[in-house]
Each structure stands twice: as structure tokens, then as C-alpha cells.
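A quick note: this is a predicted structure, and the numbers were derived from the prediction, not measured.
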Amino acid sequence: MNQRFQEFLRLANGSFNKTFNTIFEGGEAELLMENHENPLQAGVDIMVKMPGKRRQSLNLLSGGERALTCIAFIFSLLALKPTPFCLIDEIDAALDEANLGRFTGFLRKLAETIQFVVITHRQGTIEIGDNIYGVTMPEQGMSEVFSITPREAEELAG
Amino acid sequence: MNQRFQEFLRLANGSFNKTFNTIFEGGEAELLMENHENPLQAGVDIMVKMPGKRRQSLNLLSGGERALTCIAFIFSLLALKPTPFCLIDEIDAALDEANLGRFTGFLRKLAETIQFVVITHRQGTIEIGDNIYGVTMPEQGMSEVFSITPREAEELAG
Amino acid sequence: MYLKHLEMKGFKSFAKGIEIDFRPGINVIVGPNGCGKSNIADAIRWVLGEANVRNLRGQRGEDVIFTGTDKKKPLGMAWVSMTVDNQDRVISNDYSEISVARRIYRNGESEFLLNMNQVRLKDIHSLFAGTGLGKRGYSIIGQGELEQVLDAKPFERRLLMEEAA
Amino acid sequence: MYLKHLEMKGFKSFAKGIEIDFRPGINVIVGPNGCGKSNIADAIRWVLGEANVRNLRGQRGEDVIFTGTDKKKPLGMAWVSMTVDNQDRVISNDYSEISVARRIYRNGESEFLLNMNQVRLKDIHSLFAGTGLGKRGYSIIGQGELEQVLDAKPFERRLLMEEAA
Ligand SMILES: Nc1ncnc2c1ncn2[C@@H]1O[C@H](COP(=O)(O)OP(=O)(O)OP(=O)(O)O)[C@@H](O)[C@H]1O
Ligand SMILES: Nc1ncnc2c1ncn2[C@@H]1O[C@H](COP(=O)(O)OP(=O)(O)OP(=O)(O)O)[C@@H](O)[C@H]1O
Ligand SMILES: [Mg+2]
Ligand SMILES: [Mg+2]
């Protein structure tokens with residue numbers, strides 16, 4: 001158990017550092033085995049260094065930095081071991097326009113091998129959609145769904 | 001203690017229902033004393049009914065409905081007992097454009113008696129600002145602040 | 001393998017029957033607050049065998065059945081059917097298309113169907129085992145769940161990663 | 001009463017001294033992710049006497065002092081000064097303007113100043129008591145704290161409301 005997981009962690013750490021560095025255009029990220037007297041109960045620690053800043057504890061990160069760090073972590077697992085499809089629900093809410101652009105750029109690359117279902121309010125994310133569905137409630141409390149064009153999506157997304 | 005709080009709860013319930021109804025353009029909201037064998041330890045329950053939908057438990061609300069319900073609660077306390085200034089940090093992130101408009105409309109009304117300091121990425125909120133400050137990091141890791149026009153804010157907010 | 005088609009009726013706010021065709025690449029779902037977007041995510045988790053209704057924002061199993069509005073009465077049943085393309089035989093069986101369905105009644109009784117044959121929850125789990133499908137924090141990130149990996153304790157973080165190992 | 005002026009140096013990412021003039025009405029603060037907006041909110045909480053550094057995303061008191069970057073060395077002190085207009089005598093004393101300042105050194109020693117006179121933390125708390133200033137969930141809603149009122153247990157919700165009672 002432990003041997004196999006240690007090997008996987010080595011690969012995941014490499015993938016996480018590479019994905020983080022691409023998405024943040026610099027900086028470093030690491031996944032480390034926790035020091036624990038019982039190796040079977042040891043968990044995984046995360047260390048990050050934002051470009052140009054010092055290494056610091058996770059709770060000093062800003063809202064947007066935390067969100068993008070989590071996105072880099074999830075995307076690095078998907079790059080390592082793709083799943084048939086991935087569903088994400090408004091994970092882009094805290095990102096500013098520049099970080100939204102980095103997120104959508106990386107998402108487009110991953111979508112060459114993994115199908116994505118993306119729920120979003122952000123215009124930048126809607127624009128990279130290959131297939132767009134709108135959900136409305138013409139009668140309060142009852143949802144309806146229909147396929148729409150990017151143009152219509154802009155009005156509906158709100 | 002209890003008598004005074006019961007009286008305040010009656011007023012807060014009225015203010016919450018009125019604020020909720022204005023912000024959601026319909027619906028109902030209630031603050032109730034919890035049934036507890038020791039009245040001194042009884043807390044406060046919240047019940048809401050979205051316009052056109054049935055009364056339901058709080059955890060079935062959507063992300064945006066939860067956010068706007070909390071905004072209505074906080075604004076109703078501020079309307080009841082104003083504080084010299086109020087600082088809010090990205091409380092508008094989950095709102096769609098229509099709900100953002102309701103939020104900014106109510107904020108403008110409250111700002112006639114209460115000063116607000118509002119941290120936001122949303123264009124609709126920036127537009128109602130009387131005084132706008134931009135924060136940047138020309139050198140990675142070191143913040144600088146300067147007063148800006150609404151036009152400049154649009155580019156910077158991202 | 002990819003998600004091809006989703007049909008449902010009576011699941012949460014979807015009182016009327018609806019159908020969605022998905023395509024490979026990026027499928028985007030948009031709409032105003034409270035219109036039912038996250039309910040679609042819940043439907044996909046549910047049909048993939050989500051056993052804990054708290055992960056679907058409910059308290060009892062039947063909470064996923066349409067509870068009615070000011071004008072419409074509650075329904076007695078909810079069902080969701082999902083079809084995945086299996087031409088690349090990610091799941092090694094004879095089918096080039098696999099459809100999974102789930103149904104629940106007001107009395108709490110629920111049933112699963114695999115290509116129209118009744119199966120158990122365990123069969124759904126073993127069908128998709130190893131593909132990562134339906135795993136929280138890896139192939140499904142629900143609203144508000146993004147930062148769980150940072151907030152989790154180190155050991156929980158390890159369990160999350162075991163899904164992808 | 002309203003917030004007139006904020007000055008700080010060495011507080012979190014504000015290595016260089018900065019000043020902000022506020023006005024009655026709506027003051028908006030914008031900027032990219034990680035540039036220091038929420039650090040301004042933390043500075044206001046800190047100078048109003050926030051005693052628990054965890055509410056400022058830190059672990060020890062000195063975590064609020066600028067820790068340096070790749071190019072700049074850490075600083076040895078952080079200070080924040082806030083001026084409020086008191087012409088309407090919400091706080092009944094002789095001053096039409098009240099300025100509060102707080103300083104902390106690397107060794108953990110900290111001091112408070114009220115109109116340039118050294119005071120204790122208790123004095124700051126009693127000065128603003130009853131105005132609601134600095135109270136979490138009512139006059140200061142930090143990033144990610146909006147939904148606390150829904151997630152809180154009923155009794156915690158009551159304590160939050162007592163601030164406004
Ligand atoms: N069993 C049910 N029957 C009827 N309606 C339900 C049921 N369960 C949930 N709902 C309704 O679904 C709505 C929430 O939908 P959902 O969470 O999908 O919204 P959303 O589109 O994701 O919105 P947001 O953009 O705010 O996140 C709620 O208003 C709730 O009343
Ligand atoms: N003591 C300190 N010394 C130096 N930098 C610090 C210190 N404490 C926090 N920081 C830095 O401040 C940054 C976070 O700033 P802040 O949380 O204010 O960002 P923000 O503008 O609110 O961003 P967002 O839009 O993502 O919420 C972090 O990158 C962190 O490195
Ligand atoms: Mg949602
Ligand atoms: Mg912030």
C-alpha cells in the first residue's frame with residue numbers, strides 16, 4: 001500500500017509542480033508526505049510559492065490564489081490519470097480576468113483528451129464552450145433546458 | 001436578557017422579512033426563536049420561501065439564493081441598527097446579473113445613512129462607487145494603492 | 001468514453017421531462033441563480049450511484065423528488081437516465097454504448113437499471129470502478145467544493161488522491 | 001461618524017507606506033487576485049482591536065508584519081493608523097476627529113494609540129462599544145464569511161444578532 005502510494009505521490013508531485021508553474025506562469029508547488037510516526041496514517045501536505053513571493057503557509061493566500069492553487073491540483077491529477085468526463089460547478093467564481101484566461105487556456109488543452117461539463121457565470125469560460133445549454137424557469141420552480149448559441153448565452157448567463 | 005432579546009427578535013424579524021421581500025421582489029423570510037427546554041440557550045432559526053416556490057429547508061437553496069438570503073439578513077440588521085461604516089469583501093461573487101442589480105440597488109439606499117467600503121470584482125458594483133481605489137503590485141509581493149476613475153477601474157478589476 | 005445523453009423527469013426542479021445531448025470537448029451550462037444548473041450536477045452524481053443524499057443537499061432519499069410549487073403538485077417519482085459512449089471500450093464489455101438509470105418513489109424504494117436490466121447499486125459501482133467517474137474532488141467538483149483539497153486534513157487529502165492513483 | 005483616513009506601513013503586503021482617503025457613501029476597492037485588497041480589510045480589523053490573529057489569516061501575532069519577497073528583506077515592524085470623523089458625536093467626547101493606531105514589533109510587543117496617547121486594547125474596545133464597529137458578520141464581512149449566518153448553529157446566530165441589539 002505504502003510503496004505504491006509513495007510512487008504515485010512522486011508522479012503527482014511532478015505533475016502538480018508542472019501544472020502550477022504553467023497556470024501561474026512561475027512559482028513552485030510541492031506535495032509532501034507528512035511526517036507521521038505511523039507511515040500508514042501519514043497524509044499529504046501542500047507547499048506553494050507564488051511567483052516573486054516567499055514560500056508561506058496556505059492560509060496567507062488570497063481568495064483567488066487559493067482557488068487557482070486548487071484548480072492546479074485537480075488539473076494535475078486529471079493530466080496524470082484522465083477520467084472519461086469531468087464536471088465542474090462554478091470553480092471560476094473567485095478568479096480575476098487574467099487568472100480566468102490562464103484557467104480557460106489550460107482547460108482547453110485538457111479538453112483534447114477529457115470531456116468537460118462546465119457550469120459557469122463567467123463570460124470568458126462560456127466563450128471556450130463547444131456546446132452550450134441554457135437552463136431557465138419560465139414557470140417559477142420548474143426548470144427547462146435548451147441548446148443555445150454563444151450569443152444567447154451571454155444574455156442568459158447574467 | 002431574554003425579554004429584551006425577544007423584543008429585538010420581533011423587530012429583526014420584521015426588518016428581515018421586509019428586506020428579503022424587497023431584494024427578492026417577493027417571497028417571505030422569518031426569524032424564529034428555536035424550541036429549546038432552556039430559554040436562555042435558545043438560538044434563532046431562519047425560514048425562507050423564494051418567490052413562487054415552496055417553503056423549504058435552507059440546504060436546498062442554490063448558491064446564488066443562499067448568498068442573496070445572507071445579504072438580506074445582514075442588510076436588515078444594518079437597516080434596523082446602522083453602524084458608522086460597514087466593510088464587505090466580495091459578497092457579490094455568486095450573484096447573477098439580475099440579482100447583482102437588486103443588491104446594488106439596495107446598497108445604494110443604505111449608503112445614504114451608512115458608509116460602505118466594498119471590495120469587489122463585479123462591474124455592476126464598481127459602477128455605483130462614489131470613490132474608487134485601485135490596489136496593484138508593481139513589484140511582486142509589495143502592494144501599492146492609488147485613487148482611480150471608474151473607467152480605469154474597469155480595466156484593473158479584471 | 002464520454003457522456004452522450006442525459007434524460008430526467010421529476011428529479012428536483014425538473015418536474016417536466018428534459019433531455020440534454022453532450023459532445024466531446026467542453027459542454028457549458030448557463031442560467032440565472034436558482035434555475036437548476038447544480039441540480040443537473042446532482043442528477044449526474046445520483047445516477048452514478050451517489051449513496052449519501054447529503055452530498056446532494058438533501059436529508060432523506062426522497063428529497064430529490066420534485067416537491068411542487070405554488071401552482072403544481074408534488075410528483076411521486078424521480079428518474080434519471082445517463083448514456084455514455086463506450087466505443088473505446090474503457091469499460092471492457094460488449095456494449096459500444098452503456099445506459100444507466102435510477103428511479104426513486106415517495107415511499108423511499110429505489111431501483112437501478114443497466115441497459116434496461118434491473119441491477120443493484122453495487123453493480124453500478126463496480127461497472128465504473130477504476131474510471132474515476134463520479135468521484136468527488138477529482139471528476140466531479142460541486143459548487144463550493146473547490147477548496148476542499150486545501151481545507152482537508154493531510155490524511156483526507158491522501159484519500160482523495162487514492163481515487164486517482 | 002464615518003471612516004476618513006487609513007495609513008499603514010509594514011502591515012502584510014504593504015511594505016511601502018500607503019494612505020487612503022475615504023468619503024461618506026460607497027468606497028470601492030478593486031485590483032487583481034493577490035494584490036492586497038483583503039489585507040486592507042485585515043488592517044481595519046486589526047486597528048479596531050482584533051485580538052484573534054486567526055481572524056486575520058495568521059497563526060502568531062507577528063504574521064501581520066511584512067515577511068519580505070525575493071528582492072526585499074522582511075521588516076521589523078507593522079503599524080496602521082485609522083481616523084474617523086466624529087462631528088456628529090456618535091462617540092461622546094471632545095474630539096471631532098478620532099485617530100486610532102496600532103503597532104507591532106517582531107518580538108511580539110504591540111502598542112495602541114488613541115489621538116497619539118498610548119492606551120490599552122481594552123480602551124479601544126470600550127471606545128467603540130455599542131457602535132457595532134469591527135463586529136464580524138455585521139459591520140465587517142470578510143471574504144468567504146458571507147454564508148456564516150446560514151451555516152451557524154441557532155445559538156451562534158443569536159450571539160451574532162446580540163451585537164446589533
Ligand atoms: N426536490 C425538489 N423539488 C423542487 N425544487 C427543488 C427540489 N430540490 C431543489 N429544488 C430547487 O432547486 C433550486 C436550486 O437549484 P440549483 O441549486 O440547481 O440552482 P443553480 O442554477 O445552480 O443556481 P446558482 O447559480 O445560484 O448556483 C432551489 O430553488 C430549490 O428550490
Ligand atoms: N506578512 C505578510 N508579508 C508579506 N506578504 C503577505 C503577508 N501576509 C499576506 N501577504 C500576502 O498578501 C497576499 C494576499 O493578499 P490579499 O488576500 O489581500 O489579496 P486580494 O487582493 O484580496 O486577492 P483576491 O482577489 O484573490 O481575494 C498573499 O499573496 C500573501 O502572500
Ligand atoms: Mg449552482
Ligand atoms: Mg481577497
Can you tell me how far [atom2] of [Y] sits from [atom1] of [X], rounded to the nearest 0.5 angstrom?
X        : Y        : atom1 : atom2 : answer
D:Glu147 : B:Leu58  : CD    : CG    : 10.5 Å
B:Asp89  : D:Ile40  : CG    : CD1   : 10.0 Å
B:Phe8   : D:Met161 : CZ    : CE    : 5.0 Å
D:Ile18  : B:Glu144 : CD1   : CD    : 10.0 Å

Heavy-atom pair count under 4.5 Å with chain D, highest-scoring of [options]:
options                                : result
B:Ala12, B:Ala42, B:Ala111, B:Ala93    : B:Ala42
B:His36, B:Met33, B:Glu90, B:Glu7      : B:Glu90
B:Thr125, B:Ile148, B:Val118, B:Thr136 : B:Val118
B:Gln140, B:Arg66, B:Met142, B:Met137  : B:Arg66

Given that the side chain runs from C-beta out, which part of [X] has a heavy atom under 4.5 Å from chain B: side chain, backbone, both or neither?
X        : result
D:Glu163 : backbone
D:Leu133 : both
D:Asp21  : both
D:Lys72  : side chain
D:Pro24  : backbone
D:Ser13  : both

Kindly indicate, with the supporting measurements, whether the criterion side chain to side chain contact (heavy atoms under 4.5 Å, CB included) is fulfilled by D:Phe22 and B:Val117.
-> CA-CA 8 Å; D:Phe22 294 97; B:Val117 177; 4.0 Å; yes

Might you work through the side chain to side chain contact (heavy atoms under 4.5 Å, CB included) test for B:Val145 and D:Phe14, ending with a clear yes or no?
-> CA-CA 9 Å; B:Val145 198; D:Phe14 294 95; 3.7 Å; yes

Side chain to side chain contact (heavy atoms under 4.5 Å, CB included) between D:Val28 and B:Thr120: does it pass, once the steps are laid out?
-> CA-CA 7 Å; D:Val28 171; B:Thr120 181; 3.9 Å; yes

Locate the shortest heavy-atom distance separating B:Gln115 from D:Leu3; write the atom from each residue and the value.
->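 Scanning both residues, the minimum pair turns out to be OE1-N, 2.6 Å.
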
Full working for side chain to side chain contact (heavy atoms under 4.5 Å, CB included) between D:Asn27 and B:Phe85 | CA-CA 11 Å; D:Asn27 300 266; B:Phe85 72 84; over 6 Å; no

Which answer fits B:Ala67, side chain, backbone, both or neither, if we ask what part of it has an atom under 4.5 Å from a heavy atom of chain D?
-> both

Charged N to carboxylate O under 4.0 angstrom, D:Lys16 versus B:Glu139?
->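 The answer is yes: the pair qualifies as a salt bridge.
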
B:Ile126 vs D:Val30 side-chain heavy atoms within contact, under 4.5 Å | yes

